[in-house]
Amino acid sequence: MEPPVTTPRLLKTPDEVRWFANDLRRRGQTLALVPTMGFLHDGHLSLMREGRARCDVVAATIFVNPTQFGPTEDLSRYPRDLSGDLAKCGAAGATVVYSPEPSTVYPQGFQTYVTVEQVSQGLCGDRRPGHFRGVATVVTKLLALFRPDVALFGEKDYQQLQVIKALGRDLELGVEIVGMPTIREADGLAMSSRNTYLSADDRVRALSLSKGLFAMQAAAKAGEADVAKLVALGLAPLTAAQVKLDYLEVRDATTLEPLTTLTKEKPGRALVAAFLGTTRLIDNVALTLAGG
Ligand code: AMP
């Protein structure tokens with residue numbers, strides 16, 4: 001029989017988090033942290049389930065972080081559903097959920113930010129100035145507050161994952177950063193809280209992102225190493241669906257440096273961002289050359 005699902009305890013202040021985390025450490029229990037912006041779907045929940053498999057206790061955070069949104073982005077309309085999210089967190093094995101107010105995270109006089117250099121450049125880093133500074137700052141604060149053994153993030157936000165791995169390493173935070181595969185809808189669309197913005201027509205056109213990426217992945221698997229040819233393949237469905245492309249690039253999977261040719265030694269990553277109406281979606285896949 002499944003154990004009964006209990007609603008996680010909701011923490012609102014850093015002091016409450018410190019109490020919780022100190023108590024856990026005193027009892028010798030390990031902690032997995034799953035930071036999110038809420039409006040949870042199966043992608044988020046997969047991180048919590050994996051956290052539960054790796055550690056004694058899972059803590060989730062739900063915080064729509066203002067510093068990672070640009071002035072013209074969707075901060076004020078970002079979807080929220082705290083009570084629904086709490087139930088989902090409980091079912092996925094989280095014991096506590098930290099959901100602070102913005103004024104708690106960024107009180108009057110706040111002036112300390114974390115900037116990760118190389119891997120924040122290009123891709124979303126160029127299109128969303130300040131975005132990764134906001135992400136790196138809030139994630140550093142959460143890691144410093146909880147001091148978890150493991151923190152789990154999705155490959156769905158691939159550049160973000162590399163940024164967080166870099167800050168964990170560089171700041172010697174002593175946490176294992178785990179990247180988890182992208183969870184998709186049955187038809188291939190990467191799950192995202194922002195999918196809720198899509199009209200029925202845009203929902204259909206949004207499939208062109210994963211379609212293009214899968215075509216690139218299959219071609220690489222079949223031996224195509226020329227990045228220009230791979231990109232042309234990936235662009236075809238996007239052009240046919242008339243989506244407004246932000247970028248489609250192939251980068252080194254670890255350093256995120258641009259690649260012109262795939263090699264067996266250096267796995268690549270194809271990354272796309274595109275607008276469906278005013279909704280900006282991102283997705284990415286691994287590119288492994290045949291036999292690599
Ligand atoms: P967000 O709430 O969008 O900030 O995402 C919180 C965490 O969930 C991040 O580590 C994301 O990369 C991860 N995530 C979001 N969507 C997915 C997905 N479709 N599959 C796996 N992880 C995801």
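Just follow the structure's listing: the first ligand is 1, and inside any ligand the first atom is 1.
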> Name the closest protein heavy atom to atom 4 (O) of ligand 1, giving the residue it belongs to and the distance to 0.1 Å.
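For atom 4 (O) of ligand 1, the nearest protein heavy atom is M37 CG, 3.5 Å.
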
> In terms of side-chain geometry, is the basic nitrogen of R205 or D202 positioned less than 4.0 Å from the acidic oxygen of its partner?
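Yes.
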
> Indicate yes or no: does an N/O atom of M191 lie under 3.5 Å from an N/O atom of ligand 1?
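Among all N and O atoms of M191, at least one is under 3.5 Å from an N or O of ligand 1.
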
> Quick test of your reading: applying side chain to side chain donor-acceptor pair (under 3.5 Å), list the pairs with at least one residue in residues 90-113, sequence neighbours left out, ordered by first then second residue.
K12-E101, N65-Y106, T67-Y106

> Compare G43, G154, A151, G38 and give the one whose heavy atom is closest to atom 13 (C) of ligand 1.
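Heavy atom nearest to atom 13 (C) of ligand 1 belongs to G154.
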
> Residue-level breakdown please: for S193 versus ligand 1, do any non-hydrogen atoms fall below 4.0 Å on the side chain, on the backbone, on both, or on neither?
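Within the 4.0 Å criterion, S193 makes no contact with ligand 1.
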
> Below 4.0 angstrom, N of the basic side chain to O of the carboxylate: do R251 and E257 qualify?
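Judged by the 4.0 Å cut-off on N to carboxylate O distance, R251 and E257 do not form a salt bridge.
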
> Run the numbers for me: atoms of ligand 1, each under 4.0 Å from some heavy atom of P35, listed by number.
6 (C), 7 (C)

> Determine yes or no for a side-chain-to-main-chain donor-acceptor pair under 3.5 angstrom, with N22 supplying the side chain and R18 the backbone.
yes

> Within a distance under 4.0 Å of any heavy atom of T182, pick out the atoms of ligand 1 and give their elements.
19 (N), 20 (N), 21 (C)

> For E155 and ligand 1, does the shortest N/O to N/O distance drop below 3.5 Å?
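No; the residue has no nitrogen or oxygen that sits under 3.5 Å from a nitrogen or oxygen of the ligand.
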
> For ligand 1, note which part of H41 has a heavy atom under 4.0 Å away: side chain, backbone, both or neither.
side chain

> For the hydrophobic clusters of this structure (ILVMFWY residues joined by side-chain heavy atoms under 4.5 Å, transitively), does one cluster hold both I177 and F146?
yes

> Taking NZ, NE, NH1 and NH2 as the nitrogens, is one of them in D74 or R194 under 4.0 Å from a carboxylate oxygen of the other?
yes

> Polar contacts were defined as any N/O atom of the residue lying under 3.5 Å from an N/O atom of the ligand; does this apply to I183 and ligand 1?
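Yes; at least one N/O pair falls below 3.5 Å.
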
> Between P181 and ligand 1, find which residue part has any heavy-atom pair under 4.0 Å and reply side chain, backbone, both or neither.
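Backbone only.
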
> For ligand 1, which atoms have a heavy atom of T36 less than 4.0 angstrom away?
2 (O), 6 (C)

> Indicate if L31 and V34 have the same hydrophobic cluster label, given that clusters are the connected sets of ILVMFWY residues with side-chain heavy-atom separations under 4.5 angstrom.
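Different hydrophobic clusters.
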
> Tell me whether F153 has any N or O atom under 3.5 angstrom from an N or O of ligand 1.
no

> Should the proximity of D42 to ligand 1, defined as any heavy atom under 4.0 Å, be assigned to the side chain, the backbone, both, or neither?
neither

> My understanding is that only residues two or more places apart in sequence, or in another chain, count here; which of them pass side-chain contact (heavy atoms from CB on, under 4.5 Å) with D126?
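Not a single residue meets the side-chain contact (heavy atoms from CB on, under 4.5 Å) criterion with D126.
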
> Would you call K156-D283 a salt bridge at under 4.0 Å N-O?
no

> Which of the numbered atoms in ligand 1 are below 4.0 angstrom from a heavy atom of L47?
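Result: 7 (C), 8 (O), 10 (O), 13 (C).
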
> If hydrogens are left out, which of R184, R194, H44 has an atom nearest to atom 5 (O) of ligand 1, that is, the closest non-hydrogen atom?
H44

> Can you get from L86 to V96 by hopping between Ile, Leu, Val, Met, Phe, Trp and Tyr side chains that sit under 4.5 Å apart?
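Cluster IDs for L86 and V96 differ.
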
